[in-house]
Amino acid sequence: MKRVSLTQYLVEEQRLHDNIPASLRLLIEVVARACKTISHSVGKGALGDILGSAGSENVQGEVQKKLDVISNEILLEANEWGGHLAAMASEEMESIHPIPNRYPMGEYMLLFDPLDGSSNIDVNVSIGTIFSVLKAPEGMSAPTEADFMQPGTQQVAAGYAVYGPQTMLVLTTGNGVNCFTLDREMGSWVLTQKGMQIPVETKEFAINMSNQRHWHPPVQRYVNEMLAGKTGPLGKDYNMRWIASMVADVHRILNRGGIFMYPADMRDPSQPGKLRLMYEANPMAMIVEQAGGAATDGRQRILDIPPTKLHQRVPVFLGSKSEVDRVTGYHAE
Ligand code: P6P
């Protein structure tokens, strides 16, 4: 494949679809550059005094790793001067982060989980950055949390970087899903996969089995049917993977199919699951749907869910369409 940079790709997409104005192109390039910096920090490991806990908790009450805080700072500092954003929101910050007055405000709002999969940082397992782009409401002067309360269908772009054996950036602006690999020698993102498509059928599922006794009946039924394999109603044997890093699990599914599940369970009936709607489920749902897959909360499209809180959680079933449709159907029965 002729070597195509991220910038060339974005310019050509704009020519084709007229949906990547210069300010959105700048936003995506700045986020991609920040992910390069995060990749560099993550890659240092113990050599960089960046492992371990930061000695603080985030809004979720989760212990923040040093790299969580570092990655959050990298994204804030990279994006606040460009004039393309009105505000940002992050898993690591309680409230929204308006653009400082010394910089011009732009028309977009950026949401992100700066480093997802934190429990894997200290044991050298792939982790990632997830981001979502919304348009600021017309005529907005002082951004508030309410301005972010837009359903996932309003996203103008979504993507993730996965920091694994390779560092990759997966991106959609509404016309399919493309993947870029970081060329560390040149420091540039190179287009390496165009128009990624998730196989409709699969024999692979991803869920944290240790929670089995807490699942609601539709999930119990579905997983038991897969475990029954050839002898059960689904008539085929299944394989299981669980990396406990959503970005890595989703990247595998994007490449070879599968279904990823983080359902609500009885451990905490007040919480509908663990993953967050605005900066984990919504961007991943846009990517998965753009790649021909499906993403629901067990009952409805994730992208249709009207948000009420910045950090609200949502059950997640996403990946190969035939399997997501099946387990969603079980919830409807
Ligand atoms: P569990 C990582 O902390 C994360 O938010 C997702 O990336 C991942 O899919 C999930 O939590 C893993 O959760 O309960 O299996 O540790």
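Ligands are counted one by one from 1 in listed order, and the atoms in each one are counted from 1 as well. One-based numbering along the sequence shown.
- Close contacts of ligand 1 with Phe260, meaning ligand atoms under 4.0 Å from a residue heavy atom, involve 9 (O).
- Remark: among candidates Arg267, Lys274, Met261, Met209, the nearest residue to atom 4 (C) of ligand 1 is Lys274, based on non-hydrogen atoms.
- Residue contacts with ligand 1: Asp116 is placed with a nitrogen or oxygen under 3.5 Å of a nitrogen or oxygen of the ligand (distance criterion only).
- With respect to atom 14 (O) of ligand 1, the closest heavy atom belonging to the protein is Tyr262 OH, 2.6 Å.
- A donor and an acceptor atom, one from each side chain of Asn72 and Ser90, are located under 3.5 Å apart.
- For the residue pair Asn255 and Gln193, a side-chain donor N or O sits within less than 3.5 Å of a side-chain acceptor on the partner.
- For the residue pair Glu29 / Thr7, a side-chain donor-acceptor distance below 3.5 Å is found, with atom types taken as modelled.
- If you check the side chains of Asn19 and Asn175, you find a donor sitting under 3.5 Å from an acceptor.
- Contacts between Asn211 and ligand 1, counted as non-hydrogen atom pairs separated by less than 4.0 Å, are absent for every part of the residue.
- In terms of protein heavy atoms, atom 9 (O) of ligand 1 is closest to Met246 N, 3.4 Å.
- Ligand 1 is approached by Leu275 to a heavy-atom distance shorter than 4.0 Å.
- With hydrogens and angles left out, the side-chain atoms of Asp325 and Thr328 include no donor and acceptor closer than 3.5 Å.
- For the residue pair Gln64 / Ser56, a side-chain donor-acceptor distance below 3.5 Å is found, with atom types taken as modelled.
- Ligand 1 lies less than 4.0 angstrom from a heavy atom belonging to Ala244.
- Neither side chain, Asp297 nor His331, offers a donor N or O lying under 3.5 Å from an acceptor on the other.
- Shortest contact from atom 15 (O) of ligand 1 to any protein heavy atom: Asn208 ND2, 2.8 Å.
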